[in-house]
Every structure is written in structure tokens, then in C-alpha cells.
Amino acid sequence: MEETLHDGHGHYDAEASKIGMWLFIFTELLLFGGLFIIYSVYRFLNPDAFHLAAGELDVTVGATNTVILLVSSMTIAMSTSALRYKNKKLTLGLIGITLLLALGFLINKYFEWGLKFEHGIWPGSEHLVNDMSQGEILFFGLYFVMTGLHALHIIIGMVIMSVAAVRILKGTVYAERAAMLDNAGLYWHLVDLIWIFLFPLFYLIT
Amino acid sequence: MSEEKNHIVPYRVYILVLLALIALTFSSIGITSIELREYTVAAALIFASIKSFLVLTYFMHLKYDKPYIRAMVGFVFAIFVVVIIITFLDYLYRT
């Protein structure tokens, strides 16, 4: 059993922090899980329309974003090791790289959504409502909601990692008190985990 | 505290996991570009499941965590799978 630490920064219990984070992650999994079930049912009911609409998405953009997220997951995981090796500079550097990769993901997403808007496709757009079938409207509705919610998680993840970086700089998060960075990492991996399923379901199954 | 020190994962492990994840990503792109008809979805989901297993085990530290945390995570995924199965039992056998 790990002992609780009292060192002038207040109560600290790494295991309790970890369980709390996992319980939160479970609620996130069920939130996205519900959306995945909606996707699979609508896909089952409109196979041809989903087939057609998915062809509109660019596999290269999706694959680029997948690689970006996988690399960023590795760098944040490495930063938790670097913190325990007491290498503060490397820890902060790795968090910095992770934040840049996250920003790259969002920029990519911005251009991807921008291209859809140029084609007249956005929730409730005239082109979508008047010219497309029910199934295609459902596909693009789910596409915008699920990738949008995921992008929101990217932004929240960036905020959490920034807070962790500031606390490492200030010295309130360090090798023996690493839970804050560990939990930021867990959240970031969750974001990666969700994308691992979003990518094939929207981009690959055409 | 000594226990936590033993949990430092070498950088090498993370690099190897990343390489495996990227290889699996491109394999899944490759396999879904082949015409497999109804098996395309299954193939894509199998690759995604292997990838998420790697992320959960190594990046999310479950390999090094206590068994009860692993059990909790497994339980949540099992519930999710059960809900999907029940949903599709309904849709597949509706008349």
C-alpha cells in the first residue's frame, strides 16, 4: 500500500487521485459510448447513405490527425516518466511538444471543417437538408457532433496539461507528487482512445 | 513510495508502443481499402480494439496498476459491449 504524503502542500494520496480520475474517465467513455451506439444503429438502418457520405471525408487528413494524436500520447506518457527521473526540463519540454501537437490537430480539424463548409455541408445547411437523403443528414450530423465534442476534449486536455506544466514549474508537482501530471496524461490518452474509434468509423468504412 | 519508484516506465517502451500503434493504423487503412464487403467494419474495429488495448495497457499504465483498477476498466468495457449486443439483438430480430 502506498502511504499518504504530508509535506507542507497538504494531503496527497496518489492512489485515490488515480481512482477518481478513472471514475471520471468511465463517465466520459459512456458519454461517447452512447454516441457510438447511435452511430452504429443509424449506420445499420442506412448502410448505403453512410457509405456514400463517408466518401466525402479525406482519409489523408484523418490519418495525419491519428498519427499526431498517437505521437502526442507518447510524449505526454514520456513526460510522466521524465518527472519521476527528476528531469524537470525534459518533462516540461515533452508537455510543450504535446501541446504543439494538440494545436496541430486542431488546425488540421479547422481546415477539414472549413472544406466541408465550403461544400455547403454543416448542420442544418440548405444543401444538406434539401439535396441529401435522411441517412446522409444523419451521418454528417453525427460527424459534426462527435468530432466537435472530441475537439472540445482536445481543448480541455490542453488546458489541463498547461496547468500541470505551470505546477511543475512552480514546484508543487514533482517526482513524489506526480498525480496531477499522471491524471492530465490519463485524460489525454482518453482523447486518443476516442479518436482511435472515430477515425475508422468515419473515415475508413467507405 | 518505493512502490511508485518501481513504476517508472522506460522511454523505450513508449517508443515501441508508438511504432506498433502507427503500424496498426496504416495496416487498418490498407485493409479497409481492399474490398471486403461486410468484413470491412469488422476488420477496422478489430484493428481499433488492438490499438486501444495497447493505449490502455501501456500509455494508461494499466499493466503496472493494481489488479482492481484493471478489473474496473474491464468491467466498464464489458458493460458497453453488452449494451451494444442487446441493442442489436433488438434491431436484428425486429419484425
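First the proteins, then the strands, lettered A, B, ... as listed; each starts at 1. What you are looking at is a predicted structure, and each value in this text was computed from that prediction instead of being measured.
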Are the side chains of [X] and [Y] in touch, meaning some heavy atoms are under 4.5 Å apart?
| X | Y | answer |
| --- | --- | --- |
| B/M60 | A/W188 | no |
| B/L92 | A/F44 | yes |
| A/Y203 | B/T32 | no |

Once you round to the nearest 0.5 Å, how far does [atom1] of [X] lie from [atom2] of [Y]?
| X | Y | atom1 | atom2 | result |
| --- | --- | --- | --- | --- |
| B/Y14 | A/I76 | OH | CD1 | 10.5 Å |
| A/M78 | B/F59 | CE | CZ | 8.5 Å |
| A/L193 | B/L56 | CG | CG | 5.0 Å |
| A/K18 | B/H61 | NZ | NE2 | 7.0 Å |
| A/Y85 | B/I8 | OH | CD1 | 5.5 Å |
| B/S28 | A/I196 | OG | CD1 | 10.0 Å |

Is [X] in contact with chain B via its backbone, its side chain, both, or neither, using a 4.5 Å heavy-atom distance?
| X | value |
| --- | --- |
| A/T80 | side chain |
| A/L45 | side chain |
| A/F199 | side chain |
| A/L83 | neither |
| A/I194 | neither |
| A/L204 | both |

May I ask you to name which of A/A82, A/P200, A/G185 has the most heavy-atom pairs under 4.5 Å with chain B?
->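 Highest number of heavy-atom pairs under 4.5 Å: A/A82.
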Residue pairs passing the salt bridge (charged side-chain N to carboxylate O under 4.0 Å, His left out) test where at least one lies in residues 107-119 of chain A, sequence neighbours excluded |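 Pairs touching residues 107-119 of chain A that pass the test: A/K109-A/E112.
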Chain A contact via B/F77 - which portion, at a heavy-atom distance below 4.5 Å =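 It is the side chain, since no backbone atom gets that close.
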Portion of B/V73 that has a non-hydrogen atom of chain A nearer than 4.5 angstrom =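 Answer is both: backbone and side chain atoms of B/V73 are under 4.5 Å from chain A.
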Taking everything shown except B/Y93 itself, do over 12 heavy atoms lie less than 6.0 Å from its OH?
->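 Atom OH in B/Y93 is not crowded, with 12 or fewer foreign heavy atoms closer than 6.0 Å.
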Please say whether more than 12 non-hydrogen atoms of neighbouring residues, nucleotides or ligands are located less than 6.0 Å from CZ in B/F88.
->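 Yes, the 6.0 Å shell around CZ holds more than 12 heavy atoms from other groups.
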Using salt bridge (charged side-chain N to carboxylate O under 4.0 Å, His left out) as the criterion, list what pairs up with B/R94, not counting sequence neighbours.
->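 Residues passing salt bridge (charged side-chain N to carboxylate O under 4.0 Å, His left out) with B/R94: B/D90.
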Is the distance between the ring centroids of B/F80 and A/F26 less than 6.0 Å?
->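 No, they do not, as the ring centres are separated by 6.0 Å or more.
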For chain B, which residues of residues 151-159 of chain A have heavy atoms nearer than 4.5 angstrom |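 From residues 151-159 of chain A, none sit under 4.5 Å of chain B.
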Inter-chain contacts: residues 47-73 of chain A against chain B, heavy atoms under 4.5 Å =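 Listed by number, the contacting residues are A/V59, A/A63, A/T66, A/V67, A/L70, A/V71, A/S73.
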